[in-house]
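A, B, ... follow the sequence lines: proteins, then strands. Residue 1 opens every chain. Side chains included, hydrogens not; waters and symmetry mates left out as well; all remaining heavy atoms used. Here the structure is a predicted model, which is why all the values come from computation and not from measurement.
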Amino acid sequence: MKTDMVIAGVGGQGILSIAAALGSAALENDLYMKQAETHGMSQRGGDVQSFMRISDKPIYSDLIPKGGADIILSVEPMEALRYLPYLKQGGYVVTNSTPFVNIPDYPEMEKLEKTIKDLPNYVLIDADKIAEETTGSKRAFNFVMLGAASPFIDVPFEYLEAGIRKIFERKGEEVIEINIKALHAGRKFAEENK
Amino acid sequence: MQKSLLLGVEAIAQGAIDGGMSGVYAYPGTPSTEITEYIQHSKQAQQLNIHRDWAANEKTAMESALGMSYAGKRSMVCMKHVGLNVAADCFMNAAITGANGGMLIVVADDPSMHSSQNEQDSRVYGKFAMMPILEPSNQQEAYDMARFGFELSEACEIPVLMRITTRLAHSRAGVTRAAEVVAQNDMKLPEDKVQFVLLPGIARKRYKLLLNNQAKFETASEESPYNSYNEGTDKSMGIIACGLGYNYLMENYPNGECPYPVVKVSQYPIPRTMIQKITSECDKVMVLEEGYPVVEEMLKGYLEKEAVIGRLDGTLSRDGELTPEMVGRALGFDVEEGAEVPSLVSARPPALCVGCSHIDVYTALNEVVAEYGAGRVFADIGCYTLGALPPFNAINSCVDMGASITMAKGAADAGLIPSVAVIGDSTFTHSGMTGLLDAINEKTPITVIISDNESISMTGGQHSSAKGKLESICEGLGVEPEHLHVLTAVPKKRDDLKDLLRKEFEYQGVSVIIPRRVCVQKNVRDQKIKKAAIAKAAAKA
Ligand SMILES: Cc1ncc(C[n+]2csc(CCOP(=O)(O)OP(=O)(O)O)c2C)c(N)n1
Ligand code: SF4
């Protein structure tokens, strides 16, 4: 059992909550995990990534080697492509289709979509919309994304649910349910569109 | 025991708390900031009454930590690598005074300069001061070594340097905590009452002692649980893997078996007998170390008598952090290159937040500077350094904390008038005040803008020592009241700011203008904390 995943996005989009849910899923089940993240610039709007590694054997490097990631999970479409050098042959790109445009030279959406659709293995999902439709708010879009990546993560799905439960423990049952709903909606979409 | 999911920096913090620390002293700096923040948020630290407030800069922090050690208690001081430059005077001399209570100096280096001005390697400083150094290779070691560091410091009677790098600092893993928390030391003054008095006569004796103790430090390294000799069958090469270098080595052997003999180094001075064994046993030696080729240079020597490869001969890149694939290539593996980044992907650099007060400052400043000609704005380190990027392109320097004021002074002395300094509130109290005093004493014609967002924002909105004190500090230093101005930094007041700038640019002495408005992010965070506190109080009632 081993999954290496690059989680990508833009500062302020909250990719670390995805990593936190996965991390606690791994730890609760006695798996090894390492998760390197970007810290430092407190302004919003720069590119950020986290390297997430889960395995049933000891993990040495905090970094995923180039060409070694099983999955790129991106909450923003252009950011998904920035980490392609890390994707292994046959790996999956799972990305949100909603762009975060805060730079003047953001690529044209059509070209961006085409580049993604030319990849051999991808899931392109409008996580913002699905979150809104299933939970009434866009806020849970991160867990729609985790759900969409879940078919490719070599960790039982129940572990991910438990991970969400754990990280939102203090926020109450309602918040937990919303995010688990989002997780399921993302998974359903990926199962149907992978 | 249940594992806790901790960043490397958090592991150090928890290890120090569990290891009987009585106080942490620090000034924020990536990637070291969260060590202190973790302790500030820790209930356990609160119950144990551990000192955990921010210091004005790294030098004041280190001196306070040394004072706590003098009094017999265990202290820790944390900073980023360039912070050690600021604290270097205390650091070098603390190796001579020695420690009484255990003292751990944690310095976080930033190879590849993810958020720093340079990638200096603090092990060079450790060697310079002749101090024992710890360099954890993973989060568990980071935790264990914080506890161990206090013991080592007390056993060797000297502060111990713990050197980490960005990857370990900001990577999370499961950490098993020790079953028992070490009790804090009682206060106990040094037996030798002049040990800390570095008058030449005493300092010479203490320095001799430091020199004589080197053998003891080496023995400690030989016996350290963190250094090991791992036998290997293929003696065509031996590998010395320091700190994280060990991880990247082993990443290339997924079954956990490296064919070459390996010395894993996580404690310095380097363990001599292990090094002697590997160099005599193997045809050549590869050194894997994160940062400068410190060990490599030592082994290779000027005359290059030993067959040593690593960063100096190009086997590994001379600069930047190590990566698993870089090490894989050095080991002769056929390494995956990965796909290319499609050309349509644009850079997404960090930018000042929408509504940031620094924007108001730069917008006004740019217009007025244009009237005098560009090239006269000396800035400093903080969020406002992003004024160097488009659309502002507003600043001409950013060197080290506090250098804005003094560089403006030097340039004005050279005839560049007006010269302008832009400095943040925290940077001003960190290292700007003394430079301002120089300018005041000489009545140098400079205009200093203290862009006051009432926060240490770049590193995440920590409390600024300057809060509420800037005007009185400036007045106290001798800024003339008619050339000291405070105004709110908002778009509506940009014209007022421009008028002030024009007026003060003409003044042939020191002017200070303080545009003030709280950082947008800090404000949001503070409001959240306030709300949570109110909700908590309400729930109680
Ligand atoms: C010697 C040293 N210590 C710490 C840092 C890290 N650092 C960079 S900017 C900064 C904060 C500056 O705060 P302030 O001047 O108030 O500016 P702001 O970010 O709030 O705009 C810090 C702590 C550094 N670069 N150098
Ligand atoms: S974090 Fe604060 S100071 Fe920094 S850019 Fe954002 S608003 Fe400005």
In terms of heavy-atom pairs under 4.5 Å with chain B, the winner among A/Val48, A/Asp30, A/Ile103, A/Leu87 is A/Ile103

Checked B/Gly174, B/Cys356, B/Pro31, B/Gly338 vs chain A; the most non-hydrogen pairs under 4.5 Å come from B/Gly338

Of A/Ser50, A/Ala26, A/Pro65, A/Gly67, the largest count of non-hydrogen pairs under 4.5 angstrom with chain B goes to A/Pro65

- Query: Given the rule in the side chain to side chain contact (heavy atoms under 4.5 Å, CB included) test, do B/Val335 and A/Lys66 qualify, once you have shown the distances and angles that lead to the verdict?
  - Reply: CA-CA 9 Å; B/Val335 173; A/Lys66 290 238 173 82; over 6 Å; no

Answer whether the closest heavy-atom distance between the side chains of A/Met33 and B/Leu5 falls below 4.5 Å. yes

So, the part of B/Glu337 with a heavy atom under 4.5 Å from chain A: the answer is backbone

On a heavy-atom basis, the closest approach of B/Val345 and A/Arg82 is CG1-NH1, 3.8 Å

The reported gap from CD in B/Glu336 to CD in A/Gln89 (rounded to nearest 0.5 angstrom) is 5.5 Å

Okay, B/Ala169 and chain A: the region with an atom under 4.5 Å from a heavy atom over there is neither

* For atom CG of B/Asp334, decide whether the heavy atoms of other residues, nucleotides or ligands shown that lie under 6.0 angstrom number more than 12. => no

One pair to check against salt bridge (Lys or Arg N to Asp or Glu O under 4.0 Å): B/Arg172 and A/Glu37. What are the steps and the verdict? CA-CA 8 Å; B/Arg172 240 175 259 278; A/Glu37 51 197 51; 2.8 Å; yes

Closest heavy-atom pair, B/Glu251 versus A/Ser61, reported as atoms and distance to 0.1 Å, is OE1-N, 3.2 Å

Is there side-chain contact between A/Asp62 and B/Leu244, with heavy atoms separated by less than 4.5 Å? yes

Less than 4.5 Å apart, any side-chain heavy atom of B/Leu344 and any of A/Lys114? no

Answer key: most heavy-atom pairs under 4.5 Å with chain A among B/Pro349, B/Pro390, B/Gly29 is B/Pro349

Cut-off 4.5 Å, heavy atoms of chain B, and the answer for A/Glu108 is neither

What one should report as the nearest heavy-atom pair of B/Lys3 and A/Leu27 is O-CD2, 3.5 Å

CD of B/Glu340 to CG of A/Leu81, rounded to nearest 0.5 Å, is 13.0 Å

Whatever's closer than 4.5 Å to a heavy atom in chain B on A/Leu84 counts as both

Most heavy-atom pairs under 4.5 Å with chain B, out of A/Tyr106, A/Tyr86, A/Tyr32, belong to A/Tyr106

Of the listed A/Lys57, A/Glu79, A/Lys111, the one with the largest count of heavy-atom pairs under 4.5 Å with chain B is A/Glu79

Notebook entry, point to check: Do other residues, nucleotides or ligands put more than 12 heavy atoms under 6.0 Å from the CZ atom of A/Arg139?
Noted result: no

Counting heavy-atom pairs under 4.5 angstrom with chain A, the leader among B/Cys519, B/Ala347, B/Ala339 is B/Ala339

Honestly, the part of B/Ser4 sitting under 4.5 Å from a heavy atom of chain A is backbone

Output for pair (B/Asn252 CG, A/Tyr60 OH), nearest 0.5 Å, gives 12.0 Å

- B/Ser346 versus A/Met78: any side-chain heavy-atom pair under 4.5 Å? yes

| query | Under 4.5 Å between any side-chain heavy atoms of B/Glu325 and A/Leu63, yes or no? | reply | no

